[in-house]
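To find a chain, count down the sequence lines: A is the first, B the second, and so on, and within it residues start at 1. Computed from heavy atoms alone, side chains included, the values below leave out hydrogens, waters and symmetry copies.
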Number of protein chains: 2
Amino acid sequence: MNTAFANIGQTNSHLNGQVAREIATKILSGEIAEGETLPSEPVLCEKMGVSRTAFREAIKILYSKGMVESKPRVGTRVRCKTNWNFLDVQLLEWMVGIETKKDIYLEFLDLRKAIEPQACAFAAERATKEQRIELTTTFQRMCAIAEDFDQDQWIETDAQFHRMIFISSGNSFYVPFGNVLVAMFKWFILFSSKDGGVCIDEHREIYDAIMAGDSTRAFKASQSLMQKDKHGLGKSS
Amino acid sequence: MNTAFANIGQTNSHLNGQVAREIATKILSGEIAEGETLPSEPVLCEKMGVSRTAFREAIKILYSKGMVESKPRVGTRVRCKTNWNFLDVQLLEWMVGIETKKDIYLEFLDLRKAIEPQACAFAAERATKEQRIELTTTFQRMCAIAEDFDQDQWIETDAQFHRMIFISSGNSFYVPFGNVLVAMFKWFILFSSKDGGVCIDEHREIYDAIMAGDSTRAFKASQSLMQKDKHGLGKSS
DNA sequence: GAGTCCCTTATAGTCATACAATTGATTGTA
DNA sequence: TACAATCAATTGTATGACTATAAGGGACTC
């Protein structure tokens, strides 16, 4: 498989990535408040032990997510939270481990409820042949895992299944949700209980409806799954 | 007003911003295909007449939007489109002027239909006092503009009104939509016709419902506006 | 005293160069 | 053929110098 098409996450193990993560974490946790200006570049470079080159690349990453803005003579300030792009995979991954944010998946569920049924409906209408094949492959994997249950594998495959639906919607704006969803699912691996059965029947209903091209049924099936599953995990609780 | 809370857009007039825009445009338009690797850094720096520093900062911006990934000895390759974050203000702004993308607002409308009614409902339930005040101020401006009609001002204020609703939803994941919406509305200024009346009554219904704290009514009012308005512009056509 | 203009200065923005780290490709060897 | 060592191309990082920008203070005018 072409690497350009493989990974979803954006874990950047380089220095600039680490710096970006470190600062982002402080901003997201509120340790650095909105409106506050960061110490100057030389100071922070010294403090973090990196060169200006790496540091500035890190800042560009934060900038492009709407978290900071820089001006000469002023410095780099943290923008208002309303400008942060929470629908960004990296940003979500940075939130992992921030204690005060661990309940944010509840907010995400409210978004899923609004958008995912419609995504399923679109997928039923517009999924290409290739997308149907991949959806089938993924669903079959889910069935296998449901039989011989493994928590981590289930979550990963479940996320992939739902992501595939968003991709199959044929709408550019729906696609990013699939990626965000995958990022959120990674959280659940960290602190989800090992018990509870999977909603394989509910997923089958969604799958069947999409394959049958029945958008109304797909819409309802998705709604039904989200209704049953308080955690948005594909697990009944 | 604190500058950290003022601007929504992210127009970066610096060199790295220009470079980012230039390359992003070529990627978005398909001139540089998915999976393709860019020429090496020294080559592109020469070609564009900038230093590696500025160039690499530009690439970091694209990277953080999921558009490219870099590896030593391999180069920088364009990632699969499914990884691009279309729910990003800068990315949307870069799309302006790409001829083949000018109908993408139709896709966006499909997203709005799914999410905005729910945002209105949440806003009715959870808008803070300050948010209600700002919403009121904005709505009053809309009314004034509707009287003494000005196309550009209408679009700008209309966008601000809808953005305020997303912010008032109290859900971190709904907020970015408001910003994306503003970016999309900027397009309309470019190629919208000057005729057509504004849907001030429909907007008033949404506003009243939110102020009354009636989420069901707010939901329906938003649906109704989107139904009536084929372009999602707040204008009947 | 209030306002305007200009100068100073701190800060980010840009450049050039050198070196380090990574990894695909090549070559060598069993 | 399979595996290991080497090479080389490309990005990653560091450093130092210079430029551009704009906040803040001071002198001047009204």
Side-chain angles (χ1 to χ4, degrees), chain A residues 1-7 10-24 27 32 35-79 90, chain B residues 1-7 10-24 27 32 35-79 90:
Chain A
M1 186 188 284
N2 194 319
T3 59
F5 298 76
N7 324 335
Q10 301 190 58
T11 318
N12 183 352
S13 60
H14 297 293
L15 256 184
N16 57 53
Q18 292 176 34
V19 172
R21 183 192 181 98
E22 183 168 341
I23 299 176
I27 294 175
I32 305 175
E36 193 173 329
T37 71
L38 274 52
S40 70
E41 288 181 351
V43 173
L44 275 180
C45 290
E46 165 89 12
K47 193 173 174 184
M48 310 182 85
V50 299
S51 69
R52 262 190 85 199
T53 309
F55 178 79
R56 282 182 55 82
E57 286 178 8
I59 292 296
K60 283 303 168 209
I61 295 177
L62 302 189
Y63 158 78
S64 72
K65 298 185 187 310
M67 298 177 74
V68 302
E69 60 183 355
S70 305
K71 269 192 286 191
R73 170 74 205 199
V74 176
T76 299
R77 4 185 15 173
V78 178
R79 297 181 73 193
Q90 265 189 333
Chain B
M1 184 187 287
N2 193 318
T3 58
F5 299 75
N7 323 336
Q10 300 191 56
T11 317
N12 183 349
S13 60
H14 298 296
L15 254 186
N16 56 53
Q18 292 175 33
V19 172
R21 183 191 180 97
E22 184 168 340
I23 298 176
I27 293 175
I32 304 176
E36 194 173 329
T37 72
L38 273 54
S40 70
E41 288 180 352
V43 173
L44 276 179
C45 290
E46 166 86 11
K47 193 174 174 182
M48 309 181 86
V50 300
S51 70
R52 262 189 84 198
T53 308
F55 179 79
R56 282 182 56 81
E57 286 177 8
I59 292 296
K60 282 303 167 209
I61 295 177
L62 303 190
Y63 158 78
S64 73
K65 298 187 188 310
M67 298 178 74
V68 301
E69 60 184 354
S70 304
K71 269 193 287 189
R73 168 75 207 200
V74 176
T76 300
R77 3 184 18 173
V78 178
R79 296 181 75 194
Q90 265 188 335

Participant: Measuring from the side chain of A:P72 (C-beta onward, heavy atoms only), which nucleotide among D:dA14, C:dT11, C:dT14 has the closest atom?
Facilitator: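 So the nucleotide nearest the side chain must be C:dT11.
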
Participant: If you check every side-chain atom of A:R52, which of D:dA23, D:dT15, D:dG12 has the closest atom?
Facilitator: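 Given the options D:dA23, D:dT15, D:dG12, the side chain of A:R52 is closest to D:dT15.
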
Participant: Regarding C:dA12, can its base be found pairing with the side chain of A:S70 as donor and acceptor, where the two atoms are less than 3.5 Å apart?
Facilitator: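 Such a pair does not exist between side chain and base.
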
Participant: Is any side-chain N or O of A:N16 closer than 4.0 Å to OP1 or OP2 of D:dT13?
Facilitator: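 A:N16 to D:dT13 OP1/OP2: side-chain N or O found under 4.0 Å.
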
Participant: More 5' along DNA chain D: B:L38 or A:G49, using each one's nearest nucleotide?
Facilitator: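 Mapping each residue to its closest nucleotide by heavy atoms, the 5'-most match is B:L38.
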
Participant: How long is the line joining CD of B:E69 and C1' of C:dT22, in whole Å?
Facilitator: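 Rounding to the nearest Å, CD of B:E69 and C1' of C:dT22 are 15 Å apart.
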
Participant: Considering only side-chain heavy atoms of B:V50, which listed nucleotide, D:dT13, C:dC15, C:dG13, is closest?
Facilitator: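 Among D:dT13, C:dC15, C:dG13, the one nearest the side chain of B:V50 is C:dC15.
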
Participant: Let me know, please, whether A:P39 or B:T53 comes out on the 5' side of the other along DNA chain C by nearest nucleotide.
Facilitator: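 Counting from the 5' end, the first nearest nucleotide belongs to A:P39.
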
Participant: Rounding to an integer number of Å, can you tell me how far B:I59 CD1 sits from D:dT10 P?
Facilitator: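 Rounded to the whole Å, the gap is 15 Å.
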
Participant: Contact class for A:S40 vs. all strands (heavy atom < 4.0 Å): base, sugar-phosphate, or nothing?
Facilitator: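 Sugar-phosphate only.
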
Participant: If I take atom NE2 in residue B:H14 and atom P in nucleotide C:dT11, what distance separates them, rounded to the nearest angstrom?
Facilitator: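 From B:H14 NE2 to C:dT11 P: 16 Å.
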
Participant: How close or far is atom P of D:dT19 from atom CG of B:L15, stated in whole angstroms?
Facilitator: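 B:L15 atom CG is separated from D:dT19 atom P by 15 Å.
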
Participant: Between P on C:dG13 and NZ on A:K71, what's the gap in Å once rounded to a whole number?
Facilitator: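 Roughly 11 Å, once rounded to whole Å.
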
Participant: Hey, does the side chain of A:E36 reach the backbone of A:R77 with a donor-acceptor pair shorter than 3.5 angstrom?
Facilitator: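 No, the answer is negative, given that no donor and acceptor are paired below the 3.5 Å cut-off.
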
Participant: From the options D:dT13, C:dT22, D:dT11, select the nucleotide whose nearest atom is closest to the side chain of B:E41.
Facilitator: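 The listed nucleotide nearest to B:E41's side chain is D:dT11.
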
Participant: In whole angstrom, what separates A:R73's CZ from D:dA20's C1'?
Facilitator: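 These atoms are roughly 14 Å apart.
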
Participant: Measure CD/B:Q18 against P/C:dG13 and give the value in whole Å, please.
Facilitator: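 Between P of C:dG13 and CD of B:Q18: 13 Å.
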
Participant: Looking at C:dC15, I'd like to know if its phosphate oxygens (OP1 or OP2) sit under 4.0 Å from a side-chain N or O belonging to B:S51.
Facilitator: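 Looking at the OP1 and OP2 atoms of C:dC15, one of them is under 4.0 Å from a side-chain N or O of B:S51.
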
Participant: Output the rounded distance in Å from CD (B:E57) to P (D:dT11).
Facilitator: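 Spelled out: CD on B:E57 to P on D:dT11 is 16 Å.
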
Participant: Would you say the side-chain atoms of A:Q90 pair up with the backbone N or O of A:T11, donor to acceptor, closer than 3.5 Å?
Facilitator: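 Between the backbone of A:T11 and the side chain of A:Q90 there is no qualifying donor-acceptor contact (under 3.5 Å).
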
Participant: Taking side chain to side chain contact (heavy atoms under 4.5 Å, CB included) as the criterion, tell me which of B:I23, B:V78, B:L62 meets it with B:M67.
Facilitator: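 Running side chain to side chain contact (heavy atoms under 4.5 Å, CB included) over B:I23, B:V78, B:L62 with B:M67 returns exactly one hit, B:L62.
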
Participant: Please tell me if B:R56 has a side-chain N or O lying less than 4.0 Å from either OP1 or OP2 of D:dG12.
Facilitator: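 Yes, such a contact exists.
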
Participant: With the side chain of B:T76 defined as its heavy atoms from C-beta on, choose the nearest nucleotide among D:dT11, D:dA23, D:dA14.
Facilitator: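 When the side chain of B:T76 is considered, D:dT11 is the closest of D:dT11, D:dA23, D:dA14.
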
Participant: Looking at A:T76 and A:V68, what are the two nearest heavy atoms and their distance?
Facilitator: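 A:T76 and A:V68 have their closest heavy atoms at CG2-CB, 3.7 Å.
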
Participant: For the pair B:I61 and B:K65, evaluate side chain to side chain contact (heavy atoms under 4.5 Å, CB included) and give the outcome as yes or no after the intermediate values.
Facilitator: CA-CA 7 Å; B:I61 295 177; B:K65 298 187 188 310; 4.0 Å; yes

